[in-house]
Amino acid sequence: MMGELTLAAVIVATTVAGVWWVPRGGAPERPGGGWRRHPGTWLAVVIGLFFVNQVLFTAYVAQAHHGDASFVARYMPPGWFDLADLGGVQYELPAWPWTVLHAQSAIELPFGVLAYLLVCRWFGAEVYRRAVQARWLLSASFTVTFCLIELDLPSPYTAGDLVIRVVSGIVTPLLLPLLSEGAAGQPRLLPFVASMGALGVIVLAVYDTVTLYNLGHTVSWLPTVAVALAVLAVARRWARGPVTHGPTLASVAGSLGWFLLLFMLPALPLRYGFNFGLPFLSMAAGLVVTAAAVWRGWDHRRLGSLAMATVAGIVGAAAGYLLASDYSEARLLAAGVGFLLVGLGVCAAMDQRSQLRTGR
């Protein structure tokens with residue numbers, strides 16, 4: 001009960017902070033730096049660390065517990081600890097007990113923050129700067145949420161994990177200003193949505209295989225991840241072209257940029273509100289964030305086009321949700337991408353129709 005009330009307070013506080021604090025003020029430029037300062041580079045490094053930890057964890061379980069992970073699995077819900085069989089290698093690697101939950105607690109925050117900042121960077125330099133400016137609030141929001149999850153799943157490792165998460169919550173925002181921003185201006189929307197969807201698939205694969213200690217699921221994810229990487233490569237190449245938005249697509253871009261900023265702080269609390277029995281509060285907060293983003297970004301003279309795009313987007317979201325797998329996060333991702341793709345198509349058609357009328 002205490003965890004539910006605390007998370008409810010976090011959802012309300014982060015929603016209010018996202019809507020009222022994040023949009024205020026400018027942010028310093030962070031140009032250049034090449035691949036060494038690119039958020040995507042360090043996201044790949046963090047993902048690599050996740051997999052290294054999983055391999056070492058598998059070795060520890062094999063050597064110290066004869067391959068039986070029940071010593072820790074009994075503290076977690078179903079769906080965790082489907083370990084891979086690494087053969088003789090797992091007996092040659094070091095058996096380190098800190099690979100049990102502790103290492104993950106250190107890098108889970110950088111993983112989530114870097115993934116979100118990468119999407120903001122794809123959208124444009126201004127959105128990325130404002131997101132980095134709010135890094136301490138972002139870190140606090142994610143860290144408090146992660147700590148509530150730790151307390152909801154108590155184990156002998158919980159006390160150490162809480163300390164590690166707090167340290168990570170301090171170190172991560174200290175390092176974020178070292179990263180570089182992207183190009184100025186708004187992005188090409190279709191490759192942006194494709195990039196975001198592909199990254200979402202990769203994040204889901206990492207979540208299932210390494211954050212839940214299911215290294216045994218890796219092989220089954222490989223074809224899906226390969227397709228996602230191919231889509232991501234094509235989309236980022238495509239995104240380099242010139243940006244030409246009609247008036248309706250310009251409103252979409254403005255609203256989407258604001259949504260990325262306003263949704264940033266409550267994103268993780270809203271997600272876990274569904275796990276803590278707070279679905280209606282999470283949905284209400286999500287609607288508040290969406291309404292605030294549209295109010296700030298949409299041309300108020302085009303409210304009719306907004307209504308049409310919204311209805312079309314809901315149809316796309318329903319189709320994506322129904323066509324996705326039974327994995328809840330996959331359905332949410334598919335619904336979001338479906339909403340944006342169908343909505344973008346309708347808005348592009350309206351701009352094209354307006355252009356033809358003007359030409360006549």
Side-chain angles (χ1 to χ4, degrees), residues 18-19 21-33 35 37-43 112-135 137-138 176-177 179-203 228 231-268 286 289-290 292-299 309 313 333 336-341 343-345 347-348:
V19 170
W21 188 88
V22 171
R24 299 185 180 184
E29 295 185 6
R30 296 175 172 84
W35 65 270
R37 292 176 56 197
H38 197 293
T41 301
W42 292 101
L43 178 61
V113 170
L114 286 170
Y116 202 98
L117 287 181
L118 180 58
V119 173
C120 292
R121 191 182 193 274
W122 287 338
F123 196 86
E126 180 61 26
V127 169
Y128 178 82
R129 288 177 208 154
R130 289 178 179 270
V132 173
Q133 186 183 33
R135 63 192 180 275
L137 287 176
L138 177 61
L176 291 179
L179 302 176
S180 63
E181 65 188 39
Q186 294 178 338
R188 303 183 74 183
L189 292 177
L190 193 54
F192 170 76
V193 173
S195 301
M196 188 170 59
L199 179 63
V201 171
I202 294 169
V203 168
V231 170
L232 182 59
V234 172
R236 296 323 302 153
R237 179 81 175 182
W238 186 12
R240 297 176 186 174
V243 178
T244 53
H245 290 157
T248 310
L249 285 179
S251 287
V252 174
S255 300
L256 189 54
W258 278 114
F259 179 82
L260 288 174
L261 288 173
L262 306 187
F263 186 67
M264 178 176 61
L265 298 186
L268 195 66
V289 169
T290 303
V294 171
W295 178 261
R296 290 177 178 274
W298 199 274
D299 185 347
L333 175 64
V337 172
F339 180 90
L340 290 174
L341 288 178
L344 284 177
C347 290

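Computed from heavy atoms alone, side chains included, the values below leave out hydrogens, waters and symmetry copies. Index from 1, following the sequence.
L199 is listed as a side-chain neighbour of L43, based on a closest heavy-atom distance under 4.5 Å. Inter-residue side-chain proximity for R130 and C120 is flagged as unmet; no heavy-atom pair is nearer than 4.5 Å. Contact annotation: the side chain of I202 approaches that of L232 to within less than 4.5 Å [non-hydrogen atoms, C-beta and beyond].
Between R121 atom CZ and L179 atom CG the span is 9.0 Å, to the nearest 0.5 Å. Put simply, CZ on R37 and CD on E181 are 9.0 Å apart, with the number rounded to the nearest 0.5 Å. Between the CZ atom of F192 and the CG atom of L256 there is a distance of 5.0 Å, given to the nearest 0.5 Å. Here the straight-line distance linking atom NE2 of H38 with atom CG of L118 works out to 6.0 Å at 0.5 Å rounding. Rounding to the nearest 0.5 angstrom, the gap separating the OG1 atom in T248 from the CG atom in L344 is 11.5 Å. For the atom pair L114 CG and T41 OG1, the distance stands at 10.0 Å (nearest 0.5 Å).
Here the closest non-hydrogen pair linking Q186 and A250 is NE2-O, 4.1 Å. Smallest separation of non-hydrogen atoms from P242 and R188: O-NE, 3.4 Å. Nearest heavy-atom pair across V337 and G197 is CG2-CA, 3.9 Å. Residues W122 and M196 come closest through the heavy atom pair CZ3-N, 4.0 Å. The shortest heavy-atom contact between A235 and P191 is O-CB, 3.4 Å. Nearest heavy atom pair, residue G297 against residue S255, reads C-OG, 3.4 Å.
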Would you give me the side-chain donor-acceptor pairs under 3.5 Å for residues 259-266, sequence neighbours excluded?
none

Side chain to side chain contact (heavy atoms under 4.5 Å, CB included) for V252 and H245? Distances and angles first, verdict last.
CA-CA 9 Å; V252 174; H245 290 157; over 6 Å; no
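More than 12 heavy atoms of other residues, nucleotides or ligands shown are found within 6.0 angstrom of CH2 on W298.
The side-chain contact (heavy atoms from CB on, under 4.5 Å) test applied to L117 returns V113, Y128, A131, V132, L176, not counting sequence neighbours.
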